[in-house]
Amino acid sequence: MSIATTPPPGTDEFNEYYLGYVSLVPAGDLVTLLHTQGDDVRRLVADAGESRGGYRYAPAKWSIREVVGHMSDTERIFSYRALRIARNDPTPLASFDENAYADIAGHDAHSLAALADEWSVVRNASVALFASLDDAALVRRGTASGHTLSARAAGFITYGHTAHHLRILRERYLGG
């Protein structure tokens, strides 16, 4: 088994909260899927255009810039979790509050292009990490946010989280 051939994680490998994300991962080589998903993000950001970076579809919702920044923050966290778990670190990993992160991150002070470039760098690091994990590391389990998490589940959640936000960006921010 490798990340390329591993089946989706069992529901005992992650918090049920993430089932929606895991279910968004199509069949295939997860490393390739992670890599090619980057093209989707870059295309969507280009379609949005810099002038729409501050757009919010409702008053209390994140701007497009904030969504892209949130995607980078979350990707970093799940890759870090995967690394710690893959390396058999038994330390329970804390949860995070994405709204608190977004409130202080200052993403709207950056260009949409810069945020998309940052996301690409983060994604490339995630691809390299997941490509490097052997079979034993992929199925290794740890604790994150008080729940079991396997390294491979973190990879599936990473892909699914981005797919979720791409759908929201298309539907609610860019009109389809």
Side-chain angles (χ1 to χ4, degrees), residues 1-42 44 62 66-102 105 107 115-116 118-172:
M1 175 178 57
S2 71
I3 198 76
T5 60
T6 189
T11 56
D12 61 332
E13 294 180 52
F14 59 91
N15 181 342
E16 69 180 294
Y17 171 83
Y18 296 113
L19 183 58
Y21 295 154
V22 172
S23 69
L24 293 175
V25 182
D29 170 356
L30 183 62
V31 170
T32 300
L33 291 169
L34 286 166
H35 178 74
T36 58
Q37 191 180 48
D39 297 335
D40 294 338
V41 172
R42 286 183 285 280
L44 185 135
W62 292 341
E66 289 171 320
V67 172
V68 174
H70 161 72
M71 289 167 39
S72 290
D73 285 351
T74 302
E75 181 120 355
R76 284 180 171 111
I77 288 167
F78 274 94
S79 289
Y80 176 71
R81 288 175 175 181
L83 174 66
R84 297 273 305 265
I85 292 165
R87 300 300 189 251
N88 207 28
D89 185 337
T91 308
L93 301 166
S95 60
F96 73 104
D97 180 341
E98 69 273 6
N99 291 308
Y101 275 46
H107 296 305
L115 291 165
E118 177 183 353
W119 182 87
S120 290
V121 170
V122 171
R123 173 51 61 96
N124 288 339
S126 297
V127 167
L129 171 65
F130 288 108
S132 75
L133 299 180
D134 65 17
D135 296 352
L138 288 169
V139 297
R140 201 162 283 131
R141 297 174 188 215
T143 302
S145 303
H147 298 274
T148 297
L149 181 67
S150 71
R152 79 170 162 179
F156 278 76
I157 293 166
T158 297
Y159 180 95
H161 178 262
T162 298
H164 164 78
H165 282 292
L166 285 171
R167 185 180 69 226
I168 288 174
L169 285 166
R170 285 185 188 107
E171 293 173 0
R172 298 182 187 168

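This structure is a prediction, so every number in the text was calculated from the model and none was measured. We're numbering straight along the sequence, starting at 1.
- Defined by atom type and a distance below 3.5 Å, a donor-acceptor pair is present between the side-chain atoms of Tyr80 and Arg84.
- Closest approach of Asn99 and Asp97 over heavy atoms only: N-OD1, 2.9 Å.
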- Task: Could you go through the side-chain hydrogen bond (donor to acceptor under 3.5 Å, both in side chains) check for Arg81 and Ser145 one step at a time?
- Result: CA-CA 10 Å; Arg81 288 175 175 181; Ser145 303; 3.3 Å; yes
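- One finds the NE2 atom of His35 at 11.0 Å from the CG atom of Asp29 (value rounded to the nearest 0.5 Å).
- Rounded to the nearest 0.5 angstrom, Phe156 CZ and Ser150 OG are separated by 9.0 Å.
- Summarising the geometry, atom CD1 belonging to Ile157 is positioned 10.0 Å from atom CG belonging to Leu19; distances are rounded to the nearest 0.5 Å.
- Within the 4.5 Å cutoff, the side chain of Asp73 has no heavy atoms near those of the Glu98 side chain.
- Closest of all the heavy-atom pairs between Phe130 and Ser79 is CE1-OG, 4.2 Å.
- Summarising the geometry, atom CZ belonging to Arg87 is positioned 12.0 Å from atom CD1 belonging to Ile85; distances are rounded to the nearest 0.5 Å.
- At least one donor-acceptor pair closer than 3.5 Å links the side chain of Gln37 to the backbone N or O of Tyr159.
- No side-chain heavy atom of Leu149 sits under 4.5 Å from any side-chain heavy atom of Leu93.
- The main-chain N or O of Ala86 is found under 3.5 Å from a side-chain atom of Arg140 such that the two form a donor-acceptor pair.
- Residue His70 is tested with His107, His165, His164 for a ring-ring contact (aromatic ring centres under 6.0 Å, His included); the sole match is His165.
- Counting heavy atoms from C-beta outward, Pro9 and Val22 have side chains that approach closer than 4.5 Å.
- Counting heavy atoms from C-beta on, the side chains of Thr148 and Thr143 never come closer than 4.5 Å.
- One distance of note links CE of Met71 with CG of Leu166; it measures 5.0 Å at 0.5 Å rounding.
- Arg141 contributes a side-chain N or O that, together with a main-chain N or O of Asp12, makes up a donor-acceptor pair within less than 3.5 Å.
- Interatomic distance, CD of Glu171 versus CD1 of Ile168, reported as 8.0 Å (0.5 Å rounding).
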- ring pair (Phe, Tyr, Trp, His ring centres under 6.0 Å) evaluation trace for Tyr18 with Phe78: CA-CA 12 Å; Tyr18 296 113; Phe78 274 94; 5.4 Å; yes
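- Summarising the geometry of Pro26 relative to Leu24, their closest heavy-atom pair is CD-O, 3.3 Å, with the distance given to 0.1 Å.
- Looking at Ser126 and Glu75, their side chains do bring a donor and an acceptor atom within 3.5 Å of each other.
- Checked by atom type and distance alone, the side chain of Arg123 pairs as donor or acceptor with a backbone atom of Leu34 at under 3.5 Å.
- Of the possible polar contacts, one joining the Ser132 side chain to the Leu129 backbone as a donor-acceptor pair under 3.5 Å is found.
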